[in-house]
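Inspection log for the structure reproduced underneath, given as structure tokens.
All chains are named by letter (A, B, ...) in the order of the sequence lines, taking the proteins before the strands, and each is independently numbered beginning at 1.
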Amino acid sequence: MSRFRNGYRVFAVIAAFVGLLSVGPASAQQQPVLVIASFGGEFQDQQRKAFFDPFTKATGIKVVDVAGAAVPKVRAMVQTGNVEWDVFQTSAHDYPEYADGLTEPIDYSKIDKAVLAQMLPHTVQKFGLATDYVSQVIAWNTKSFPGNNHPQSWKDVWDVKRFPGPRMLTAGTYSIEPIEPALMAAGVPKGKIYPVDLDKAYAMLTAIRPSVVRWTTSASAIPEALASGEAVIGFASSARIESLKESGAPVDYTWNQAVISIGYWMIPKGAKHKDLALKFLEFQARAEQQAALGRFNVAVVNRHAMDLLTEKQRTLLASAPQNLAREFEFDPAAWSRPGPSGKSIYDENVARWIAWSAQQ
Amino acid sequence: MERAAVAPSRSSVPRSVRAWLLLLPTLLLLLPCYVGPLLQLLGTSVGGDHGPTAAFYLQALTDRPSLLILWRTIVLSVEVTVLAVLIGYPLAYMIARAPERSQHLLLLLVAIPLWTSSLVRSFVWIVLLGREGVLNQLALSTGLLKMPVQMLYGRPAVLIGLVHIMIPHVVFPLVSVMRRISPRRSEVAKSLGAGPMSAFWLIFFPQSLSGLASGAVLVFVLCCGFFVTPALLGGLRDQTYVMLIQQQVDRQWALAAAMSVVLLAVTLVFVALLGRFLRVDDDAGSTRLPKPGRLIGAACAFLGRFESLGARRPARPARPARWPVAIAGWGAILFLLVPILLLFPLSLTNSPYLRFPPPGLSLRWYANFFSRSDWTSAAVISFQVGGAVTLLATAVGTCAAVALSRIESRWSRMLYGFLISPMIVPTLIIAVAFYFQFAAFHLIGSLPGLVLAHSVIALPVVVVVVTGGLKRASLGPERAALSLGAGPLRAFFATTFVAVRPSVLTGALFAFLVSFDDVVIALFLAGINSTLPKRMWDSVQLEIDPTVAAVSAMLILLSIAVVVAWELIRLRLHGGEEAGSLVSGP
């Protein structure tokens, strides 16, 4: 008899799992939660400290932050109607792609005019409000290149005789391609980079290919490789390299020919909590919040935030005037213009990258 | 079995119909959550704006880069299969020939890596093979090398990583077949004058072919669809076809669908070819080989005779030299275990990034895991989903296995093939198919969606394990119970179910681990409800800190604990009988 009961008990347990399942997602939806997607890693930890946690403290709105913001994710969400995110971060590079039907226009009537007035030029856009400047810099391992004996320009990065050792660069499908660096290495002056000459760029990529151990789409791969010595020269975010350097890792970087662009928050089309999202956009643009991010060496977009930082902190920001003069300003509009085939240069480059990467 | 009604049953439903009814839950799971998505995938691949079109297939099959990558994927899979067989065969031989007690221990050692997440195992190689990694550092400090060797992000790393993952998949089917081979035949051959080599190639090897075939097919299929390892350890030239499909999913969905169908077709053709070529009589004792197998038979005979031709010495019964097998076997076990164990010291580093040797020891990254809600909530979700999958897949799979054992054999054979087919379909293709099907029902990012998807890939394991158990169980007691007046349910639970219970529990554990280990499906379906493997994947992609090493170490401990505890319980409960052994594998 007891064995007989045992059998039925199995079915009772099975019935229970239905209950177990419905508990998880349902309970999460009772109180409004702002879902914010960013790029993950230490950078997102910093955003959490500078933006997300203070936002929850100030407004009582709970924030769930997730990693992995990227065009394919957002496109899939919008196309399938499963919009999980309310706000996501993007690079300037992907801005045109998102602005083309994937995001909501920002309703600036709901954002404090005083805050908007403090924003730096180009940081208030129809579909996105800026959050930071991102600078991809030439970085290296200081054990391989001690002192001043390090690459100073993209020409040097391409010079494998003077600066031997494995390189790690971004992939052509990553949001910041190696295309502009390749053109600078070819000697194209800053003002002539756009419209990009893909033939010339890919010829340069072919030339450096044997020395590149990895073309990555991962934001952490290059800083990690430089710190561990897996690669000795790389193309990585200044903030990530700076914080590794401060933690004692053998890495350094130069502002020369760094590719600087603006990072934005955007709201995906059909987001569930648009009003909360706008509240967050305004909050993170305030001088105090921006300054909090600036203390992590991330360049601020609110000019009053600069005043809240120390002199030393200001020199480490990508947007500091003396640094800006040495950097190259990325132009997202140039990538969304049609190329020779009629498709955008952005799409042409993706197709070209896939074909090029498969070559022997 | 068709003469079921030995005694008048109290149920008005005839037995054969009842068996079919037991298949109902399976069909309810597989039709909407497996067949449906795959059909939709097929539909999408030919769906143009104005009716059916072959344009996407044309595009997939004429695009040079993608064909090149498809070809390289096949080559890579063949290479891995060959290497895994070469390393796995001696290991399996050593295990099968070992005394009973050590056999169990050895199988346990092979099972530990099998139970360790493939993501963890790929991650380990990044730490081991790097220029400043463990291997290079050891070689440099002992003076073996002057300059570090570039191993990571290229073919060597991909091969090492994949072979490491695949070896257990070769060993388990081989051991189970080899154990059935009677050593007496070889003894007889030797007493008739065959040398140990001849005895091996003429008698033993041909009989082990069926195990070799199933292992090789499994490895090949898994490799064709493998995503994690090549993506983490490979360079540009090691891109695989599934990586290309993943890139296309959100750009050109129809093209991605067509490419998925192409890959599926290629996989099936290879499975059919390999299966045909290596098919040998299921009965291990038989030496009658069907046509293609005769080739192998001839090759074996040649190898067998080669020894006597070459040696030209009076043949005498000799003990086979055991040390080459032992060296190869133990070498393989070290290869399987050492990398996994090395993760423990590495995870105890106090450095903000992984390096070897760790500059100092601390539990800081373990503390980080437990203090971060994004990590702990991912772990909770993984356990929730795993638990639900275990219940669902085990219940459905057990019903199906019981049904299969009671219906006409031609049907049951076909259905069995269908039920275990999710094993053959590359996981990424299942994930892609689910993705668009589930999106329509707003199941993306929901736990039920993930549970259903994982249940589909966990079902085959349960069916295979429970079917094995049922084959060993006698139907006698159940018939007796029926004839004594018990109802059909009661008769089943009181007799047959008790006999197969160890198998059901083993199946349940397998189901849990299938769910707990999955990265690919979670990547597509988990949404903001990140599972632990997905969180780890994000970490490897986006972060620098060694938290992922700490998590990996904990997962390895967990799998070791589960495997060992399970074996101990099983031994205590069933006194070492075969049924339900975790390490005998599916």
Side-chain angles (χ1 to χ4, degrees), chain A residues 3-4 6-8 10-11 13-14 16-17 20-22 24-25 35 39-42 44 64-68 71-73 75-77 79-82 84-85 166 173 209 213-215 217-221 223-224 227-231 240 244 247-249 350 354-360, chain B residues 63-66 68-69 72 130-133 148 150 152-154 235-237 239 244 247 249-251 253 351-355 374 381 384 387-388 391-392 394-395 435-436 439-440 442 444-448 451 489-490 492-494 497-498 527-530 538-545:
Chain A
R3 277 178 174 175
F4 175 51
N6 270 345
Y8 279 111
V10 171
F11 284 111
V13 176
I14 292 160
F17 101 91
L20 187 115
L21 274 182
S22 49
V35 182
F39 298 144
E42 193 177 28
Q44 194 158 324
V64 171
D65 62 301
V66 297
V71 178
K73 279 297 307 189
R75 184 177 294 137
M77 282 189 197
Q79 280 176 355
T80 61
N82 272 350
E84 298 184 311
W85 300 344
T173 43
R209 188 165 168 165
V213 285
R214 192 163 202 223
W215 306 80
T217 53
S218 139
S220 74
E224 192 170 21
S228 71
E230 191 60 37
R240 282 192 191 237
L244 264 180
S247 73
V350 170
I354 291 174
W356 181 82
S357 62
Q359 280 167 17
Q360 284 297 341
Chain B
D63 180 44
R64 259 190 60 90
S66 82
L68 196 61
I69 290 176
R72 283 194 202 139
R131 279 167 53 89
E132 308 257 322
Q150 181 73 43
L152 213 48
Y153 309 127
L236 284 186
R237 269 172 224 165
Q239 283 187 85
L244 203 60
Q247 279 185 14
V249 165
D250 293 300
R251 290 181 210 283
W253 165 230
S351 151
Y353 53 96
L354 279 175
R355 54 178 160 156
D374 53 336
I381 286 177
Q384 271 183 332
L391 292 173
L392 183 64
T394 311
Y435 181 61
F436 274 78
H442 292 263
I444 306 251
S446 77
L447 297 191
V451 169
L489 266 183
R490 187 174 167 187
F492 171 75
F493 278 116
F497 183 73
V498 174
I528 59 168
N529 287 314
S530 198
D538 285 343
S539 177
V540 172
Q541 291 285 303
L542 304 166
E543 298 176 338
I544 304 182
D545 73 47

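With a 4.5 angstrom heavy-atom cutoff, B:Val540 touches chain A only via backbone atoms. At a 4.5 Å heavy-atom cutoff, the contact between A:Val35 and chain B is made by side-chain atoms alone. Only the side chain of B:Tyr435 has a heavy atom closer than 4.5 Å to any heavy atom of chain A. Looking at B:Leu244, the atoms closer than 4.5 Å to chain A (heavy atoms on both sides) all sit in the side chain, from C-beta outward. Neither the backbone nor the side chain of A:Val71 comes within contact range of chain B; no heavy atoms are under 4.5 Å apart.
Of all the heavy atoms in A:Arg209 and B:Arg237, the pair that sits closest is NH2-NE, 4.2 Å. Of all heavy-atom pairs spanning B:Tyr153 and A:Val213, the tightest one is CB-O, 3.4 Å. Shown here for A:Ser228 and B:Glu132, the closest heavy-atom pair between the two residues is O-CG, 2.5 Å.
Take A:Asp65 and apply the salt bridge (charged side-chain N to carboxylate O under 4.0 Å, His left out) test, not counting sequence neighbours, and it matches A:Arg48. Among residues two or more places apart in sequence or in another chain, the side-chain contact (heavy atoms from CB on, under 4.5 Å) test is passed with A:Glu84 by A:Met77, B:Ile528.
The main-chain N or O of A:Ala358 is never found under 3.5 Å from a side-chain atom of B:Arg64 such that the two would form a donor-acceptor pair.
When the candidates A:Val350, A:Asn82, A:Val64, A:Thr217 are compared by the number of heavy-atom contacts under 4.5 Å with chain B, A:Asn82 comes out ahead. Comparing A:Gly248, A:Ser218, A:Ala67 by heavy-atom pairs within less than 4.5 Å of chain B, the highest count is held by A:Ser218.
Side-chain N/O atoms of A:Ser357 and B:Gln239 include a donor and acceptor closer than 3.5 Å.
For the atom pair CD of B:Gln247 and CD1 of A:Ile354, the computed distance is 4.5 Å after rounding to the nearest 0.5 Å.
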